[in-house]
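Below: one structure, written as structure tokens.
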Amino acid sequence: MDQAVEVKRKDRKIPVGPEMADRCYTCGTCGGGCPATGLVPGWDARKAIRAIVFGMEQEVIDSKWPWVCTLCGRCQYQCPMGIQLMKTFRACRTARDRDKVPGPIHKGTMMNLERGNNLGIPRDDFLFLLADLGVEMENDEEQPCPGFYVPVDKEGANIITTINSKEPFGEPDDMKFWWRIFYAAKEDFTVSSTNWEGVNWGLFSGDDPAWKEQVGRVIENARRLKCKTILYPE
Amino acid sequence: MDLLEEYIKSGRIKLNTHKYHETFTVHDPCNYVRKSVMIYNDSPNNGEKCRWIAQQCIDPSLYREMCDDPLNNFCCGAGGGAWAMPYDQERLDYGKVKVDQIRDTGAELVIAPCHNCRDQILKGLGAEHKKKTPGFDMGNYQETLYLWELVANCLEYEPWSQEEIDAAHAARDAQFERDGIELEEE
Ligand code: SF4
Ligand code: SF4
């Protein structure tokens, strides 16, 4: 015999309000337009939302689904019932034990909290690299930029820019694109010597306190250096 | 994106539109286009701005549209931290939708205004295309560029004056002294 499924809202790990998952009328718009449909056996956006409605959120949390979903937001943007799918799937990530977060994004987040960037690049190495790249740009064969250097911790600069740690780590020349634009525009910019990371993995690992902490640090840098504008160079 | 637009509109940077002669298309990163509109309701949206900036760099007649509605464009497949996650096959399979879109534009260059999307399209999908992996045929595709890479490569530089250069050198030397940086002389 079928059993009635009874779900108490307050027992839920994922806070879905009645204006959220409960309203789903299973139209399938979300899963239909989602490139992740078919990638995780047994799951797609609609099924995950239905499972949460039926109180099976732990199964969603334990599944790969919320991590293969890229939180692109297309389903949420399209859902005729206004259900916040993307927000819900991110909440599923949050509900995972931290040691079960796949890949380096949790470790990187912890690294960032401890050392100011996701990859743990030491301050001195970073400053030396910026200095070196500045000299390279000044003397560049194809397009020299006489007078260029990377201003660090410059008080009162117009723009303070964050750095994506993959660049100093593995693709340092890619930082020059923005610097060349600044050079041509004669922009008064600066980079902070600490906590310069511009990639917030706390956002993706579902770690709200770390996410907020990192945003706070970027703002704190701008305050300390009295910069008017923060640029995430993307 | 706003900053680039402002530099170009105000004439603070000048661009040479004859550097590239390839057909090009623009990808819409979820974070800067759709999600930005979902949160800030920005108008014009960043997808439109990006198309405009790219067309200041390359002749607009070479532009090939990927998606008429930037707000409903598809994710590159590496969003939400997926580039760093251990689910590579899923990430690539997700990207097949993007592969098809790029092939259908017929464009040779893809402009991506996001670090993550650029890596996925260049090193993920683009690499599979070049290896001729079945399912990853991107047609005429040759190269992915950051939006700011495209702009930087098209810059027309106005030379700095000697005073500006001297002032910058003095400021740089003071900074190196403060931070204890000693570069080897070449
Ligand atoms: S689009 Fe919305 S209403 Fe339709 S199945 Fe998905 S969550 Fe339910
Ligand atoms: S947010 Fe996730 S579930 Fe929704 S369309 Fe994007 S990948 Fe699919």
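Below, read A as the first sequence line, B as the second, and so on, with proteins coming before strands; counting in each chain starts at 1. Values reported hereafter were calculated over all heavy atoms of this structure, with side chains retained and with hydrogens, waters and symmetry mates removed.
- When the candidates B/Cys30, B/Gly79, B/Cys114 are compared by the number of heavy-atom contacts under 4.5 Å with chain A, B/Gly79 comes out ahead.
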Pair A/Asp174, A/Asn164 - check side chain to side chain contact (heavy atoms under 4.5 Å, CB included), show working. CA-CA 10 Å; A/Asp174 286 1; A/Asn164 181 325; over 6 Å; no

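- Neither the backbone nor the side chain of B/Asp2 comes within contact range of chain A, judged by heavy atoms closer than 4.5 Å.
- Annotation: cation-pi geometry satisfied between B/Lys9 and B/Trp52 (NZ/CZ under 6.0 angstrom from ring centroid, within 45° of ring axis).
- At a 4.5 Å heavy-atom cutoff, A/Glu142 makes no contact with chain B through either its backbone or its side chain.
- No part of A/Asp124 comes within reach of chain B, as not one of its non-hydrogen atoms sits under 4.5 angstrom from that chain.
- For the residue pair B/His27/B/Gln101, the side-chain donor-acceptor check at 3.5 Å is not satisfied.
- Ring geometry for A/Phe148 versus A/Tyr183: interplanar angle over 60°, hence perpendicular rather than tilted (30 to 60°).
- Of the two parts of B/Phe176, only the side chain, counted from C-beta on, holds a non-hydrogen atom closer than 4.5 Å to a non-hydrogen atom of chain A.
- Of the two parts of B/Ala171, the backbone and the side chain both hold a non-hydrogen atom closer than 4.5 Å to a non-hydrogen atom of chain A.
- Neither the backbone nor the side chain of A/Val199 comes within contact range of chain B, judged by heavy atoms closer than 4.5 Å.
- Using a 4.5 Å cut-off between heavy atoms, A/Lys176 does not touch chain B at all.
- When each of B/Ala167, B/Gly180, B/Cys75 is checked for heavy-atom pairs under 4.5 Å with chain A, B/Cys75 comes out on top.
- Dense packing is recorded around NZ of A/Lys166, with more than 12 heavy atoms of other residues, nucleotides or ligands lying under 6.0 Å away.
- Proximity to chain A (any heavy atom under 4.5 Å) is restricted, for B/His169, to the side chain, taken from C-beta onward.
- Only the side chain of A/Glu138 comes within contact range of chain B, judged by heavy atoms closer than 4.5 Å.
- No part of B/Leu150 comes within reach of chain A, as not one of its non-hydrogen atoms sits under 4.5 angstrom from that chain.
- Of all the listed residues (B/Gly11, B/Ala84, B/Ala82), the one sharing the greatest number of non-hydrogen pairs under 4.5 Å with chain A is B/Ala84.
- Looking at B/Glu164, the atoms closer than 4.5 Å to chain A (heavy atoms on both sides) all sit in the side chain, from C-beta outward.
- The environment of CD in B/Glu158 is sparse: at most 12 heavy-atom neighbours from other residues, nucleotides or ligands sit within 6.0 Å.
- In terms of heavy-atom pairs under 4.5 angstrom with chain A, the leader among B/Pro86, B/Ala112, B/Pro113 is B/Pro86.
- Heavy atoms closer than 4.5 Å to chain B are found nowhere in A/Leu203, neither backbone nor side chain.
- A/Ser192 and A/Arg224 form a side-chain donor-acceptor contact under 3.5 Å, judged by distance and modelled atom types alone.
- Atom CZ of A/Arg96 has more than 12 heavy atoms from other residues, nucleotides or ligands within 6.0 Å.
- A centroid separation of 6.0 Å or more is found between the aromatic rings of A/Trp178 and A/Phe189.
- Environment of CZ in A/Phe169: sparse, with no more than 12 heavy atoms of neighbouring residues, nucleotides or ligands closer than 6.0 Å.
- When only modelled atom types and interatomic distance are considered, B/Lys35 and B/Asn46 share no side-chain donor-acceptor pair under 3.5 Å.
- Looking at A/Leu127, the atoms closer than 4.5 Å to chain B (heavy atoms on both sides) sit in the backbone and in the side chain alike.
- With a 4.5 angstrom heavy-atom cutoff, A/Arg93 touches chain B only via side-chain atoms.
- Neither the backbone nor the side chain of A/Cys34 comes within contact range of chain B; no heavy atoms are under 4.5 Å apart.
- B/Glu156 CD: more than 12 foreign heavy atoms inside a 6.0 Å radius.
- Contact count against chain B (heavy-atom pairs under 4.5 Å) is highest for A/Gln143 among A/Arg123, A/Gln143, A/Glu167, A/Lys154.
- For B/Asp166, no part sits under 4.5 Å from any heavy atom of chain A, backbone or side chain.
- Residue contact with chain B, scored on non-hydrogen atoms closer than 4.5 Å, involves the side chain of A/Trp201 exclusively.
- For a residue to count as touching a neighbouring chain, one of its non-hydrogen atoms must lie under 4.5 Å from one of that chain's; by this rule B/Arg172 touches chain A with backbone and side chain alike.
- For a residue to count as touching a neighbouring chain, one of its non-hydrogen atoms must lie under 4.5 Å from one of that chain's; by this rule B/Glu90 touches chain A with backbone and side chain alike.
- A side chain to side chain contact (heavy atoms under 4.5 Å, CB included) with A/Leu231 is found for exactly one of A/Thr161, A/Asn158, A/Ile160, A/Thr162, namely A/Thr161.
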Are B/Glu48 and B/Arg51 close enough, and set up right, to give a salt bridge (Lys or Arg N to Asp or Glu O under 4.0 Å), and what steps lead you there? CA-CA 5 Å; B/Glu48 294 164 316; B/Arg51 283 163 178 70; over 6 Å; no

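- By number of non-hydrogen pairs under 4.5 angstrom with chain A, the leading residue of B/Leu71, B/Val37, B/Asn153, B/Asn116 is B/Leu71.
- When heavy atoms are compared at a cutoff of 4.5 Å, A/Phe89 does not approach chain B at all.
- Residue with the most contacts toward chain B among A/Gly38, A/Ala36, A/Gly147: A/Gly147 (heavy-atom pairs, distance under 4.5 Å).
- Aromatic ring orientation, B/His115 versus B/Tyr146: perpendicular (interplanar angle above 60°, classes split at 30° and 60°).
- Here A/Ala185 is the residue among A/Gly198, A/Ala185, A/Pro151, A/Gly108 with the most heavy-atom pairs under 4.5 Å with chain B.
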Test side chain to side chain contact (heavy atoms under 4.5 Å, CB included) on A/Asp173 and A/Glu136 and set out the steps. CA-CA 10 Å; A/Asp173 285 340; A/Glu136 264 178 48; 3.8 Å; yes

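- With a threshold of 4.5 angstrom between heavy atoms, B/Arg118 approaches chain A through side-chain atoms but not through N, CA, C or O.
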